[in-house]
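See below for the structure under consideration.
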Amino acid sequence: MPAQIGVTGLAVMGANLARNLARNGYTVALHNRSAARTDELLAKHGSEGDFIRTETLQELVDSLEKPRRVLIMVKAGAPVDSVVDQLVPLLDEGDIVIDAGNSHYEDTRRREAALAEKGLHFVGIGVSGGEEGALNGPSIMPGGSRESYDSLGPMLEKISAHVDGEPCCAWIGTDGAGHFVKMVHNGIEYADMQVIGEAYDLLRNGAGIEPAEQAEIFTEWNKGQLSSFLIEITAEVLAQVDAATGKPFVDVVVDAAAQKGTGRWTVQSALDLGSPVSGIAESVFARGISSQAEQRKEAQSLLAAGTSEVVLGENFVEDVRKALFASKLVSYAQGLDMLTSAAKEYGWDLKLDEIAGLWRGGCIIRAELLKDITAAYSAEDKPANLLFAPAFVEAIAEALPAWRRVVATAVQLGIPVPVFSSSLAYYDGLRRDRLPAALIQGLRDLFGAHTYQRVDRPGTFHTLWGEDRSEIEATDSH
Ligand code: 6PG
């Protein structure tokens with residue numbers, strides 16, 4: 001019997017996806033650059049389903065039913081190109097090459113276009129949920145042609161997580177759309193973790209609540225509005241005690257957050273799109289500061305704190321919870337708004353209700369909140385910004401006084417809360433009647449004759465700053 005799908009790249013994510021496919025009844029051909037890994041998988045898990053062992057890409061290709069489906073799970077970047085280059089000459093028209101890694105969507109667009117010229121489908125799929133998700137049901141964001149999804153979709157939907165009987169997988173859009181959406185998912189993931197970190201810092205260094213007690217607080221929070229995978233595992237990490245020292249685990253871990261790059265990519269492309277993902281950007285920058293070990297060391301003795309004594313309100317913990325919720329919501333709003341901008345730029349028909357829907361389960365940012373977000377975008381009257389959906393207008397209004405108090409308190413205590421505060425600034429920036437951008441336009445016009453529009457009549461204007469300061473209608477030379 002030929003295999004229905006081949007998997008090449010059997011490190012833990014590839015191996016777990018292969019096992020997930022086999023456990024769901026598909027015959028899976030296995031390939032890895034070194035066959036030892038293939039043999040290890042077969043020795044440990046060969047009984048979980050039907051696998052075909054192959055040693056070369058040619059053998060892998062020969063073992064597949066047509067049109068062939070080959071899933072690549074190797075490190076993003078050059079390794080993907082290398083495998084694709086080796087595979088392409090072995091394939092026939094109509095075959096499908098799937099890249100399930102965290103590839104940059106521009107790479108996916110390039111590969112899709114190159115393979116399409118050869119009559120092959122290239123499908124970049126975002127897969128979220130870590131090792132556990134890959135094995136038991138991830139959230140899957142497939143791009144590529146609609147035609148390829150017709151062949152691939154049922155398989156992907158079957159192995160994906162399910163929420164209320166619905167698969168956490170849906171065709172996202174052509175070429176790099178799947179990887180783009182996965183990238184933004186990761187941007188939100190960064191912000192989501194940073195706001196949790198800010199809440200932890202405030203509770204620890206503002207209110208003096210130790211990690212073990214905080215674990216209980218997060219467990220409680222996980223029962224309400226904040227219920228989500230990341231809050232759940234925060235309780236787990238905070239409850240962990242280091243066996244070697246008896247100290248809280250968080251106290252023995254170096255406080256420099258690493259990154260593989262997807263959060264940074266989100267911000268880079270947001271800048272190109274002009275999309276204000278300030279919370280996501282701040283979360284990437286916060287990781288950056290955390291990793292500047294030498295400067296941080298020098299700053300500790302050099303830079304004044306200038307903090308003030310603050311008497312915390314008796315509802316401080318609840319205030320922090322509300323600030324966390326509101327800031328988290330803003331991060332989702334910013335990420336989803338970025339998807340709207342990208343859809344226009346790249347000609348994708350991104351359906352925000354489906355995207356929020358498939359993030360409800362399997363992925364790292366899965367949260368109760370996503371049910372309400374899905375509902376907001378399923379409504380007839382779709383909000384231009386998530387924050388405008390009636391349920392969220394109300395939820396933020398309810399959290400707002402606490403959110404402002406927490407940011408003000410953090411500033412006085414000298415505890416950095418870049419995402420709490422930038423999210424609030426984003427919210428206020430949207431909400432304000434007049435912004436100082438008018439002054440900026442004036443400055444631009446003065447030093448560079450960059451022109452401006454008036455509030456009271458149409459047209460483009462320039463003030464003759466260096467002459468009599470009269471205003472003229474701008475011409476092309478201005
Ligand atoms: C997921 C995760 C996954 C991975 C991140 C980690 O959705 O399953 O996002 O893709 O854990 O890439 O990213 P950083 O190393 O950049 O934090």
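As the structure lists them, so they are numbered: ligands from 1, and atoms in each ligand from 1.
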Of Glu189, Gln259, Arg287, Arg264, the one whose closest heavy atom lies nearest atom 17 (O) of ligand 1 is Arg287

Can you name the nearest heavy-atom pair linking Val70 to Leu64, along with the distance? CG2-CD1, 3.6 Å

For Tyr346, does the OH atom have more than 12 heavy-atom neighbours from other residues, nucleotides or ligands under 6.0 Å away? yes

Within the structure, does Ile364 bring an N/O atom to less than 3.5 angstrom of an N/O atom in ligand 1? no

Nearest heavy-atom approach of Ile52 to Ser63 is CG2-CB, 4.2 Å

Just to confirm my output: which protein heavy-atom neighbour is closest to atom 4 (C) of ligand 1, and how far is it? Asn102 ND2, 4.3 Å

Does ligand 1 have any atom that is closer than 4.0 Å to a heavy atom of Gly261? yes

So, taking the atom named OG in Ser269 and the one named CE in Met183, what distance separates them when rounded to the nearest 0.5 Å? 3.0 Å

Are any of the N or O atoms of Val127 closer than 3.5 Å to those of ligand 1? no

At a non-hydrogen distance cut-off of under 4.0 Å, which region of Glu132 contacts ligand 1 (side chain, backbone, both, or neither)? neither

Who's the nearest protein heavy-atom neighbour of atom 16 (O) of ligand 1, and how far? Tyr190 OH, 2.4 Å

Any salt bridge linking Glu294 with Lys297? Criterion: basic side-chain nitrogen under 4.0 Å from a carboxylate oxygen. no

So which protein heavy atom does atom 5 (C) of ligand 1 come closest to, and at what separation? Asn186 ND2, 3.7 Å

Run the ring-centre check on Phe325 versus Trp221 and record whether the distance is less than 6.0 Å. no

Taking only heavy atoms of Gly130, which atoms of ligand 1 are found under 4.0 Å from at least one of them? 8 (O)

Electrostatic pair Arg111:Asp175 at N-O distance under 4.0 angstrom: no

Counting heavy atoms only, which of Lys182, Met183, Lys260 is nearest atom 3 (C) of ligand 1? Lys182

Please confirm whether the ring centroid of Phe218 lies under 6.0 Å from the ring centroid of Tyr200. no

How far is atom 8 (O) of ligand 1 from the closest protein heavy atom, and which atom is that? Gly129 N, 2.9 Å

Hey, looking at atom 1 (C) of ligand 1, which of Gly126, Ser128, Pro138, Gly263 has the closest heavy atom? Ser128

A student checking ligand 1 against His185 at a 4.0 Å heavy-atom cut-off should list atoms 7 (O)

Could you check whether Phe180 and Trp348 have their ring centres less than 6.0 Å apart? yes

